[in-house]
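Structure first, commentary second.
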Amino acid sequence: MKLGRLNHVGVATPSIAASIAYYRDVMGAETIGEPFDLPAQGVTVCFVDAPNVQVELIEPLGENSPIHGFLAKNPAGGQHHMCYEVPDIHEARAWFERQGAKVLGEPRIGAHGTPIFFVHPRDMNGVLTEIMETPHGDRH
Ligand SMILES: CC[C@@H](C(=O)O)C(=O)SCCNC(=O)CCNC(=O)[C@H](O)C(C)(C)COP(=O)(O)OP(=O)(O)OC[C@H]1O[C@@H](n2cnc3c(N)ncnc32)[C@H](O)[C@@H]1OP(=O)(O)O
Ligand SMILES: [Co+2]
């Protein structure tokens, strides 16, 4: 596999509203999207645009949110995952499985409308890693 573009850095937060104020007022973010719910992923999401990458704010949604454990250990929130793009999600998944890495579930549709999967941080140098298929319009 060839390392692809860094699409976003996931940042878990107990309050998207408070994080939006921080990125706008302290960090000077000029483009911040509207928050939206992704019940299938157990999170509310909001994208903050930096010139070269997005920050993905994620707040727990529902009792089974996968970020409850992280926020229990990091109550103020913090950097949660890195997301890299790949041209073919199934090839990428098979690659990580061949490396012996723990792939967390089947590909499912993520916040950008293309399939994603996660690889366990224990097998990824301590970084929870999201792999995302590049949207068709963004392919070169
Ligand atoms: C918005 C939609 C989508 C997108 O399109 O972009 C998203 O990004 S959704 C983002 C949220 N979804 C997910 O994170 C799904 C995948 N994650 C999981 O399945 C779980 O979070 C997990 C990775 C299996 C962790 O589960 P959890 O129950 O919280 O923790 P464990 O007790 O199992 O932890 C084991 C081990 O891993 C360490 N850990 C946990 N989370 C992270 C993290 N984010 N970064 C680095 N390390 C992490 C945890 O501290 C434990 O370490 P040890 O104590 O040393 O064993
Ligand atoms: Co993400």
Side-chain angles (χ1 to χ4, degrees):
M1 200 190 77
K2 189 172 147 191
L3 183 65
R5 287 197 311 182
L6 179 64
N7 180 276
H8 64 262
V9 177
V11 173
T13 172
S15 166
I16 279 190
S19 292
I20 287 174
Y22 164 76
Y23 279 95
R24 183 189 60 223
D25 300 338
V26 179
M27 296 303 290
E30 292 179 336
T31 308
I32 301 179
E34 283 296 318
F36 57 99
D37 292 347
L38 280 178
Q41 309 276 3
V43 290
T44 301
V45 189
C46 176
F47 285 108
V48 176
D49 289 352
N52 59 339
V53 73
Q54 289 184 307
V55 175
E56 179 185 76
L57 301 172
I58 46 174
E59 182 188 290
L61 179 68
E63 285 178 10
N64 297 323
S65 174
I67 65 172
H68 278 313
F70 182 90
L71 283 173
K73 286 184 187 163
N74 307 277
Q79 194 257 299
H80 181 262
H81 65 271
M82 309 263 279
C83 175
Y84 297 96
E85 296 183 17
V86 295
D88 184 310
I89 200 79
H90 298 292
E91 275 181 20
R93 190 176 187 283
W95 165 265
F96 283 108
E97 286 198 320
R98 284 201 301 279
Q99 309 312 307
K102 185 173 179 188
V103 173
L104 299 163
E106 293 296 321
R108 52 186 196 265
I109 298 300
H112 291 83
T114 67
I116 61 168
F117 65 83
F118 286 85
V119 191
H120 200 284
R122 276 191 199 126
D123 297 327
M124 302 298 282
N125 275 275
V127 178
L128 175 60
T129 302
E130 178 182 344
I131 302 295
M132 164 190 159
E133 193 163 276
T134 305
H136 277 279
D138 293 353
R139 293 187 189 178
H140 301 292

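Order of appearance sets the numbers: ligands from 1, and atoms from 1 within every ligand.
In the vicinity of H81, heavy-atom distances shorter than 4.0 Å reach the ligand 1 atoms 8 (O), 10 (C). Close contacts between ligand 1 and V43 involve ligand atoms 1 (C) [criterion: under 4.0 Å to a heavy atom]. In summary, the atoms of ligand 1 found under 4.0 Å from a heavy atom of G110, numbered by their order in the structure, are 5 (O). Ligand-side atoms of ligand 1 in range of E130: 4 (C), 5 (O), 6 (O), 7 (C), 8 (O), range being under 4.0 angstrom from any heavy atom. Shown in contact with V45 at under 4.0 Å from a heavy atom are these atoms of ligand 1, numbered in order with element: 1 (C).
Here the protein heavy atom with the shortest distance to atom 40 (C) of ligand 1 is P121 CG, 4.4 Å. Of the protein's non-hydrogen atoms, the one nearest atom 2 (C) of ligand 1 is L38 CD1, 3.7 Å. Looking from atom 3 (C) of ligand 1 to the surrounding protein, the closest heavy atom is I116 CD1, 3.7 Å. The shortest contact between atom 9 (S) of ligand 1 and any protein heavy atom is with F118 CZ, 3.8 Å. In this structure, atom 35 (C) of ligand 1 lies nearest to the protein heavy atom R122 NH2, 3.5 Å. Of the protein's heavy atoms, H80 CE1, 3.2 Å lies nearest to atom 14 (O) of ligand 1. Nearest protein neighbour of atom 23 (C) of ligand 1, counting heavy atoms only, is L128 CD1, 3.7 Å. Protein heavy atom at the shortest distance from atom 18 (C) of ligand 1 is L104 CD1, 4.1 Å.
Atoms CD and CE, from Q99 and M1 in turn, are 9.0 Å apart once rounded to the nearest 0.5 Å. To the nearest 0.5 Å, the span separating OG1 on T134 from CG on D138 amounts to 7.5 Å. Rounded to the nearest 0.5 angstrom, L61 CG and I67 CD1 are separated by 9.5 Å.
Annotation: side chain of Y84 is not in contact with side chain of M132 (no heavy-atom distance under 4.5 Å). Side-chain contact check for D49 versus E30: every heavy-atom pair is 4.5 Å or farther apart. Contact check for I16 versus V45: no side-chain heavy atoms found under the 4.5 Å cut-off. Side-chain contact check for H81 versus H8: some heavy-atom pair is nearer than 4.5 Å. When side chains are defined from C-beta on, I58 does not count as touching T13, because their heavy atoms never get closer than 4.5 Å.
Less than 4.0 angstrom separates atom 33 (O) of ligand 1 from none of the non-hydrogen atoms of the protein. There is no protein heavy atom closer than 4.0 angstrom to atom 25 (C) of ligand 1. For atom 45 (N) of ligand 1, a protein heavy-atom neighbour is found at a distance under 4.0 Å. For atom 56 (O) of ligand 1, the nearest protein heavy atom is under 4.0 Å away.
Looking at H68 against ligand 1, nothing comes within 4.0 Å, counting heavy atoms. Within the 4.0 Å heavy-atom criterion, neither part of M132 lies near ligand 1. Using a 4.0 Å cut-off between heavy atoms, H8 contacts ligand 1 through its side chain alone, with no backbone atom that close.
Between K73 and ligand 1, an N or O atom pair is found at a separation short of 3.5 Å. Taking distance alone, with nitrogen or oxygen atoms compared against 3.5 Å, A111 approaches ligand 1 more closely than that limit. On a distance-only criterion, H120 and ligand 1 share no N/O pair closer than 3.5 Å.
For atom 29 (O) of ligand 1, the candidate residues are G69, S65, G42; the nearest heavy-atom contact is made by G69. Comparing P115, P60, P66 against atom 20 (C) of ligand 1, the shortest heavy-atom distance belongs to P66.
In this structure, a donor-acceptor pair under 3.5 Å is present between the side chains of H112 and Q54. Side chain to side chain, E56 and H80 fail the donor-acceptor criterion of an N or O pair below 3.5 Å. In this structure, a donor-acceptor pair under 3.5 Å is absent between the side chains of E133 and T114.
Aromatic ring pairs are classed by plane angle as parallel below 30°, tilted from 30° to 60° and perpendicular above 60°; the pair F47 and F36 is tilted.
Under a cut-off of 6.0 angstrom, the local environment of CG in N52 is crowded, with over 12 non-hydrogen atoms contributed by other residues, nucleotides or ligands.
Of the possible donor and acceptor atoms, none in the side chain of D37 sits under 3.5 Å from a partner among the backbone N and O of P39. With hydrogens and angles ignored, the 3.5 Å screen pairs a side-chain donor or acceptor of N74 with a backbone N or O of F70. With hydrogens and angles ignored, the 3.5 Å screen pairs a side-chain donor or acceptor of S65 with a backbone N or O of G42.
Under a 4.0 Å N-O distance rule, the pair R93/E106 qualifies as a salt bridge.
Legend: protein N/O/S atoms lying under 2.8 Å from the Co ion (ligand 2), waters omitted, number 4.
A heavy-atom separation below 4.0 Å is found between G126 and ligand 1.
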When you look at H68 and E63, which way does the side-chain hydrogen bond (donor to acceptor under 3.5 Å, both in side chains) test go after all the steps?
-> CA-CA 8 Å; H68 278 313; E63 285 178 10; over 6 Å; no
Any chance you could lay out the side-chain contact (heavy atoms from CB on, under 4.5 Å) test for Y22 and M27, step after step, and finish with the verdict?
-> CA-CA 7 Å; Y22 164 76; M27 296 303 290; 3.4 Å; yes
